[in-house]
Every structure is written in C-alpha cells, then in structure tokens.
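Since the structure comes first, as structure tokens, the remarks are kept for the end.
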Amino acid sequence: MHVPQGFGVVTPYIFVDDADRYVAFLVSALGGVEVGRSTMPDGRIANCQVRFGSTTVMVSEASEQFPASKAAFYLYVENADAAMARAVTGGAEAIMDVADMPYEDRQGGVRDPAGNIWWISQRLTDRPYF
C-alpha cells in the first residue's frame with residue numbers, strides 16, 4: 001500500500017461553505033501550510049491540502065451533492081496558550097479555556113468559523129497516554 005507523504009491512512013477531508021475563507025483561517029489562525037490546490041471551472045476549491053506538521057487535511061467547497069459537515073480535530077502544538085490566542089484572534093470561538101489535563105496535555109478548545117471543533121493540545125510529557 002502506498003500512502004503519499006504527509007497523508008495518513010485516514011486523512012480528514014472537510015467540506016465547507018466558502019472554502020477559500022476557510023483555508024485562509026486554517027493557515028492564519030491554526031498555523032497550517034497550504035501545500036496544494038485544485039479549483040473547479042468557476043474558481044471554487046475542488047481540493048485543497050493544508051499541512052499541520054506531518055499531517056495533511058483536505059478541504060473542498062461544499063455542494064448540494066457534498067454538503068458541509070462538521071467534525072472535531074485534535075491538534076498538537078508546541079505552546080497551547082499561544083496557539084489558542086492565535087486561533088481566537090484569527091476568528092475561532094473559544095469553547096474551553098487552556099488548562100492542564102489529567103492525561104498530561106495542556107489543552108483548550110475552539111470552534112472554527114465552519115462549526116468544527118479543534119482541541120488544541122500541548123503534550124506535557126513523552127509518556128504514552130496509557
């Protein structure tokens with residue numbers, strides 16, 4: 001089996017309204033890097049790949065055939081407090097303040113402009129969860 005570099009065996013694929021604006025949010029507010037884009041004849045995003053570290057998510061403009069859907073994502077960052085501040089400044093709604101969790105992550109939560117939840121987490125130890 002071949003899985004392209006930067007993709008996982010399971011790769012999130014997010015359908016949203018106003019995909020251009022959503023990709024800009026992922027880049028500016030959550031620190032993603034756009035690595036590829038294809039567009040439809042009308043200019044809307046058919047597929048856009050945004051990389052977060054070693055993980056890629058794909059984004060597409062929602063349509064009648066593929067309506068916008070909501071999901072939750074767990075995003076590891078170097079500094080949860082700084083990442084949360086950046087996300088909120090970039091247009092996300094804070095839904096859980098950053099705090100130290102009993103499973104040794106420092107974590108907060110935001111809802112993005114498309115209604116998805118992002119758990120922004122900084123691992124405080126190199127031990128596994130279990």
Side-chain angles (χ1 to χ4, degrees):
M1 174 172 67
H2 175 73
V3 178
Q5 185 175 357
F7 289 78
V9 173
V10 176
T11 299
Y13 201 134
I14 309 165
F15 287 87
V16 295
D17 296 314
D18 199 353
D20 271 322
R21 192 181 88 174
Y22 189 71
V23 168
F25 167 81
L26 293 178
V27 171
S28 68
L30 295 180
V33 176
E34 183 176 331
V35 295
R37 177 186 291 224
S38 60
T39 57
M40 296 179 253
D42 64 4
R44 295 180 306 143
I45 292 176
N47 179 283
C48 185
Q49 294 129 29
V50 180
R51 187 154 301 148
F52 294 91
S54 61
T55 303
T56 300
V57 299
M58 294 190 288
V59 176
S60 183
E61 186 71 42
S63 66
E64 188 174 315
Q65 186 178 8
F66 302 106
S69 57
K70 298 190 183 14
F73 304 95
Y74 206 91
L75 176 64
Y76 280 106
V77 296
E78 289 291 325
N79 181 314
D81 296 276
M84 275 287 293
R86 179 179 177 176
V88 171
T89 298
E93 170 195 359
I95 59 172
M96 185 178 87
D97 292 334
V98 176
D100 291 342
M101 299 294 148
Y103 41 88
E104 299 183 279
D105 281 2
R106 183 159 178 75
Q107 176 184 342
V110 297
R111 186 176 323 277
D112 71 24
N116 299 296
I117 294 172
W118 291 81
W119 299 113
I120 297 174
S121 191
Q122 173 186 346
R123 189 72 177 147
L124 300 175
T125 181
D126 61 356
R127 292 191 300 267
Y129 279 106
F130 304 104

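Along the sequence shown, residues are numbered consecutively beginning with 1.
Under the 30°/60° scheme for interplanar angles, the aromatic rings of W118 and F52 are found to be tilted.
Taken together through direct or relayed side-chain contacts under 4.5 Å among Ile, Leu, Val, Met, Phe, Trp and Tyr, L124 and Y103 form parts of separate hydrophobic clusters. Residues Y13 and I45 are members of separate hydrophobic clusters, defined by side-chain heavy-atom contacts under 4.5 angstrom among Ile, Leu, Val, Met, Phe, Trp and Tyr. Placement of V3 and M58 within a single hydrophobic cluster is found when ILVMFWY residues are connected by side-chain heavy-atom separations under 4.5 Å, directly or transitively. A continuous path of hydrophobic side-chain contacts links V88 to L26 [ILVMFWY only; heavy atoms under 4.5 Å]. Linking Ile, Leu, Val, Met, Phe, Trp and Tyr residues whenever their side-chain heavy atoms come within less than 4.5 Å leaves V98 and W119 in two separate clusters.
Residues R37 and D20 form a side-chain contact, since some pair of their non-hydrogen atoms from C-beta on lies under 4.5 Å apart. Two residues are said to be in side-chain contact when any heavy atoms from C-beta on lie closer than 4.5 Å; V16 and R21 fail this criterion. By the 4.5 Å heavy-atom criterion applied to side chains, I14 and F73 are counted as neighbours.
In this structure, the side chain of T56 does not engage the main chain of Q49 through any donor-acceptor pair within 3.5 Å.
More than 12 heavy atoms of other residues, nucleotides or ligands lie within 6.0 Å of CG in D42, so this atom counts as buried by the packing criterion.
The heavy-atom pair separating E61 from F15 by the smallest distance is O-CD2, 4.1 Å. Across every non-hydrogen atom of D105 and S121, the tightest pair is OD2-OG, 2.8 Å. The two residues V9 and M1 have their closest heavy-atom pair at CG2-CE, 4.1 Å. In plain terms, the two heavy atoms of S60 and A19 that are nearest each other are C-CB, 4.0 Å. Scanning all heavy atoms of the two residues, the minimum distance from P113 to G91 falls at CG-O, 3.9 Å. Closest heavy-atom contact between A62 and D17: CB-OD1, 3.6 Å.
The distance from the CD atom of E104 to the CD atom of Q122 is 12.5 Å, given to the nearest 0.5 Å. Rounding to the nearest 0.5 Å places CD1 of I120 at 13.5 Å from OH of Y76. Expressed to the nearest 0.5 Å, how far CZ of F25 lies from CG of N116 amounts to 9.0 Å. Atoms CD and CE, from Q107 and M84 in turn, are 9.5 Å apart once rounded to the nearest 0.5 Å. Summarising the geometry, atom CZ belonging to R86 is positioned 15.0 Å from atom CG belonging to D81; distances are rounded to the nearest 0.5 Å.
Only one option out of V110, D112, I95 pairs with I117 in a side chain to side chain contact (heavy atoms under 4.5 Å, CB included); it is I95.
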